[in-house]
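Every chain is numbered from 1 and lettered A, B, ... according to where its sequence line falls, protein lines coming before strand lines. In what follows, every heavy atom counts, from backbone to side chain, and hydrogens, waters and symmetry copies are set aside.
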Amino acid sequence: MRSPLSEAPLAALVAVLAPALAALLLAVLPMVRRRGAPAAWICLASSVASLVSAGLLLAGQLGEAEPMAWTTSWLTLDGQGLGELGVNVDGISASMLVVVTIVALCVQVFSVSYMHDEPPDAYGRYFTYHALFLFSMNLLVLAPDLLQLFAGWELVGVTSYLLIGFYYRKPSAGRAALKAFWITKLADMGFILALAVLFTSTSAFRFDAELSTPLANVVAGLLFFAVVGKSAQFPLHIWLPDAMEGPTPVSALLHAATMVAAGVFLVVRADPIFAHAPDTREVMLVVGSLTALFAAGLATVQTDIKKVLAYSTCSQLGYMVAALGAGSTLGGYFHLTTHAFFKALLFLSAGSVIHAVHSNELADMGGLRKRMPLTATAFIVGSLALAGIPGTAGFFSKDLVLAALEGRMGWLPYVALMTTAFLTAFYMGRVVLVAFFGEARGKADHAHESGALMLGPLAVLAVLSLGVGYFGAHFAEVTATGEYHLHFGMTPAIASGLALGGFALAYAVFGGGRDASGVGVLALLDGAARSALVDRTYEALYRHGMLNAAAAIGWFDRYVMDGLVNLSGWLTLVAARSLRRLQSGFAPDYVFAVVLGALALAAWGYLS
Amino acid sequence: MITTIGFGLLAALLVGSALYVVRATNLVHSVLGLGVTLSITALLYALLEANFVAGVQVLLYVGGVVTLMIFGVMVTRRHDGIVVRSDSANEVRGLLGGGGIFVLLALSILESDLPSSPVGPAPSTASLASELLGPHVVAFEALSMLLLAAIVGAIVIARRRDFGEPRQDLVTRARAAREALRVEALRAEAEAPSPEPAASDAAEPPRADEALPSTDGSVPAQEASS
Amino acid sequence: MTLTTCLLLASALFSVGVYGLLTRQQLVAVLVSVELMANAANIVLVAFSHFTASPLGQVFTLFALAITVAEVAVGLALALLLYRTHASSRLDAAKEMNG
Amino acid sequence: MSALLRGFVYGLLVVNAVLLTSAVNIWFERKFSARMQSRVGPTRVGPLGLLQPFADVAKLMSKEDTVPASGNRVLFTAAPLLATVCALAAAAVVPFTPDVVAADLDVGVLWVLAVGSITTIAIFMAGWASNNKFALLGGMRSIAQAVSYEVPLVLSAMVPVVLSGTMSLSGIVTWQSEHLWIAAWPLIPGLPAFVIFFLAMTAEANRIPFDIPEAESELVAGVTTEYSGMKFALFYVGEYAHTLVGSAIASALFLGGWSGPMAATMPWLGLVYMVVKTLFLFFMITWVRWSLVRFRSDQLLAICWKWLVPISVGLVLVAALWVELVPGVH
């Protein structure tokens, strides 16, 4: 704890506390919240404050400023704090903070227009949640130890639940919110256990705990379990597509750019622990690759534009996890950064489209290129970046990831991710071609370009999606996660070629706006998706496993535990029935009892 | 010598009257017997050279407490006879309890080493007064507060009117109502089996009506008219 | 007349009071029995006062007398209340508290 | 032993004196009332009808002594005895001269008050044992009245006790002979205390205007409704005795008793003074009886609790302050 209120901690505190203040204000002042617009402005003001602070912090880190922390002990036990509470500013947290605040601000500005048709109280509620989310996320990002990170982790979970269920009158939204909540909570058990193991072995929750390899494997494995839930990795990814029930900007912010990336961020943050856990890293590699491929496959057959993007998010998160599993912290983290920008861009563009055509279905779109040229441009830029076309941000980060995988585990992950790259280009090409080219279908006829408040954020994010890739070296330097050097070897060439091939195949199938989702190999995948493979598996597990187990436990509870309880109740009644005759209500009886008691006492006194 | 005889006499009278108090079947006799017991106790006090206490005993107990108790007896019953039944129950239990206590106390007393004659001159009334208003003045004042509280409390308890009518009235009313129903049934019975008007049947209803005044004390109108 | 005989007399009186307390059914009769017991206690106090030549016993007797008067006042008020609510001053009429 | 004998002799003398005086007083009252009502009163028996009371006694003794069939014989018989005995017992502590006093108790005042309070029970016993509505109601009223008036009676009697510093009646008289009659004490507290004591005593004795318990216009003859013959006579005598003894005690407490000019040197003069004062008070009561009407029951209690009790409490306080502040009282 040095120089308590020096510039950096002050800025960091502002970054955390400004949204907290906004959320608190809106929570305790219903008359402001229910007015709608004032709530939005309060929320935006706090986000701007956060962004400025984050920018200052990053600038400081890019300059000569040392990493610094401003913390205080809490949960004091025996005079020793169990955990640290405060802010920890270094390259990793500063860069993540900037990403989070930029995306958040863009999404919030976008929302001002996007959510405009909501009733004022819902509008205010929406921005209250947003402020709360930004506070939670910043708390998580700036956490000085795992305990505070866990607090932020849970808070973003809560906010996610609130925002997915924003349209709480819609049953499906409520179900989706619950699903997301329960699945991430299930995963969070891993986090809690990891914290417990960590604390019992080191009496602290430090990121850079010195652990022996087996212990590190345990802790990292448990943490990774939480990451699987939070970052929607196979097989716990099932909540993410359903989370699209929330408003589209929410999907952009929470379920694409920031919150789901928190899992990846955790791994980056706790890199010293993961570095000692090679077995966990291998698991991560496998899970990441599998998720990337699997989700990309599912993305190809979705008819809902948001679902496509959701599965795409899963897939890209798989990239990051695979990179981290391969030991390339820089690759994973850099891909997180670039992905945050172009995925937010894609979601917001999709939101713009949905706002225009009032439908999520690809079948309702088409030919939007002419009616919404700017949105179309933004979406295409995002798609190119996502596919990793050379020159875009995605190209640089994906290249890092793929390069890290070279030769690992018999090239299998490498092949899987390459295939994913091809599939990515294919499904993005499909969406672009079906939605923006060809003839207008259904409601797309009446679509028109969105307003400046929605296009502004798109523009910012598009620029970032294109440009961020060139700052890889600076990024590597400031985060100190690895050496960055661009190498023009086979990997980028193959990746670029596959991406272009994917687009070409997409054009071959969907060129001219044909919606031919059921052809060829897609039919198989479609079948798999329609049967909702994973969901069904869970369902079967639930039906035959959980329910039977629950029935057995229920039987035990009903007839054994309740039986015991009933037995004791029955015994009490019987005893009371026989004892109550003692209470006759007739005063002389009581007097007699007193006399007998006195006599007994006296007799005892005589005898002893 | 004379004190011993007096004491023996008083003791016998005291225990005898006390036994009468707890055995008398008439509550009034019991209370008056209590007056006798307390008066004899006052004489015992006089014998023990506690004249002031004896005087207070008579004034407070005999003149106050017994009078109050008589009042209590008077107001808690209907004045329809001279005998206020005060029965006893659980004789065995009473003998057991009382006898046990006596044996216990007697054993303790006989075991103790007690003086057989006064160790000094009897305390005078003046010394009593200086004790009462000297070291024990706080208790004295507290006692006056207690008396005040007791008086106020007694008045509050006794004056409370929100209990509605005594159940006796309800019981009487219920009996009257039941009686009326019975009369009604009798009348119906008397009229139903004999469709032809008969002189002997006509006498039935008034006879049934005669049961009413004895239960609720009021003369029914129809009886006056018939 | 010794202190022992005085105390024996008092304990006899007390026992008779206990007997009455245990056997009587009327609330007023119970009060009477309690009076007997209180009286026995007073006799003990006065006897000790006499044989130890100390005014303390008599002082306490006076206190006890006053308290007894208060007790009787409240007791009689209760009897009156019992009579009002139960149309009887018998103790066994008031057995609402029985189990 | 000599004290016992002395007490016995004195007791006998006092009792007979009181009873004789009562008899004479009955004659006197009949004559007096007759004069007030423009009549002559008894004239036939003896000179001026002076033997009339004795003739009455003879008549009453010859009458049938009835006991109500449904009454309680023991209590019915005991009641008049108790009433009379209580009245007479109070006379035991009355000092007639410095030497002539049956029992010079150190708590004489307490004795008088205590014994007087038992009279109430006697009246109740009579009312209860008669098993007669009027008698019982009379008994109830008597209890209410006696319990109420006992309070100002005791409190006003405390004034001489506080001033003289003793509870012995002869001690109080001696103190008055050395200082001043308490009734003549500067207006407060002596005279009002005397008045209150006098009123309360009248009420205790059930004399008009406080004779509610036997208000003949409402309750036939009150507790004595069922009494006849000697038992009735005993009640009657008891009432007169009560009044007489009460007067004696009042004169001893407030009017200096036997004290007076030359009483110290000639004890028989003290006896004369005492008798004169007592008879004067008795005459006052008789006078009042034939002059005033009786109070209503609620008025009776209101007078007691609203006026007499608070005033007498104040008087005791003043007396105590007097003793505390004025030097040389005792």
* Asked: Below 4.5 Å, heavy atoms only, C-beta onward: do B:P123 and B:L128 meet side chain to side chain?
  -> no
* Structure fact -> Turns out that what part of B:L47 lies under 4.5 Å from chain C's heavy atoms comes down to both
* To do: Counting only heavy atoms closer than 4.5 Å, note whether B:F140 contacts chain C via side chain, backbone, both or neither.
  => both
In residues 101-114 of chain B, what donor-acceptor pairs under 3.5 Å come from side-chain atoms, sequence neighbours left out?
{"from": "B:S108", "atom 1": "OG", "to": "B:L104", "atom 2": "O", "distance (Å)": "2.6"}
{"from": "B:S112", "atom 1": "OG", "to": "B:S108", "atom 2": "O", "distance (Å)": "2.7"}

* B:Y20 and B:H29 aromatic ring geometry - parallel, tilted or perpendicular at 30°/60° bounds -> parallel
* Structure fact -> Among C:A53, C:G57, C:P55, C:A77, the residue with the most heavy-atom pairs under 4.5 Å to chain B is C:P55
* Asked: So what's closer than 4.5 Å to chain C heavy atoms on B:A129: side chain, backbone, both or neither?
  -> neither
* Structure fact -> Applying a strict 4.5 Å limit to non-hydrogen atoms, the region of B:L19 in contact with chain C is both
* Contact origin within C:F63 toward chain B - heavy atom pairs under 4.5 Å -> both
* Heavy atoms only, distances under 4.5 angstrom: which of C:T52, C:L65, C:T61, C:L31 has the most pairs with chain B? Name it, please. => C:L65
* Structure fact -> Cut-off 4.5 Å, heavy atoms of chain C, and the answer for B:L34 is side chain
* Measure distances from B:L95 to the heavy atoms of chain C and classify the residue's part below 4.5 Å as side chain, backbone, both or neither. => both
* To do: Check C:V46, C:L45, C:V59, C:N42 against B:V53 for a side-chain contact (heavy atoms from CB on, under 4.5 Å) and give me the one that passes.
  => C:V46
* **Contact winner vs chain C - B:L147, B:L143, B:L38, B:L44, heavy-atom pairs under 4.5 Å** => B:L143
* 4.5 Å side-chain heavy-atom contact, C:C6 and C:H50 -> no
* When C:L56, C:L22, C:T68 are compared by non-hydrogen pairs under 4.5 Å with chain B, the top option -> C:L22
* Structure fact -> Between the CZ atom in B:R23 and the CZ atom in C:R24, the distance rounded to the nearest 0.5 Å is 8.0 Å
* Counting heavy-atom pairs under 4.5 Å to chain C, which of B:T41, B:T4, B:V15 comes out on top? -> B:T41
* Asked: With side chains defined as the heavy atoms from C-beta onward, is the minimum distance between C:N39 and B:Q57 less than 4.5 Å?
  -> yes
* C:S49 side chain to C:S54 backbone, donor-acceptor under 3.5 Å -> yes
* Examine whether an atom of C:V32 lies under 4.5 Å from a heavy atom of chain B, and if so say whether it belongs to the side chain, the backbone or both; otherwise answer neither. => both
* Looking at CG of C:L21 and CD of C:E35, how far apart are the two atoms once the value is rounded to the nearest 0.5 Å? -> 11.5 Å
* Among the listed options B:G120, B:G98, B:G8, the residue most often paired with chain C at heavy-atom distances under 4.5 Å -> B:G98
* Minimum side-chain heavy-atom gap B:L14-C:I43 below 4.5 Å -> yes
* Top residue by heavy-atom pair count (under 4.5 Å) with chain C, among B:A150, B:G153, B:G6? -> B:A150
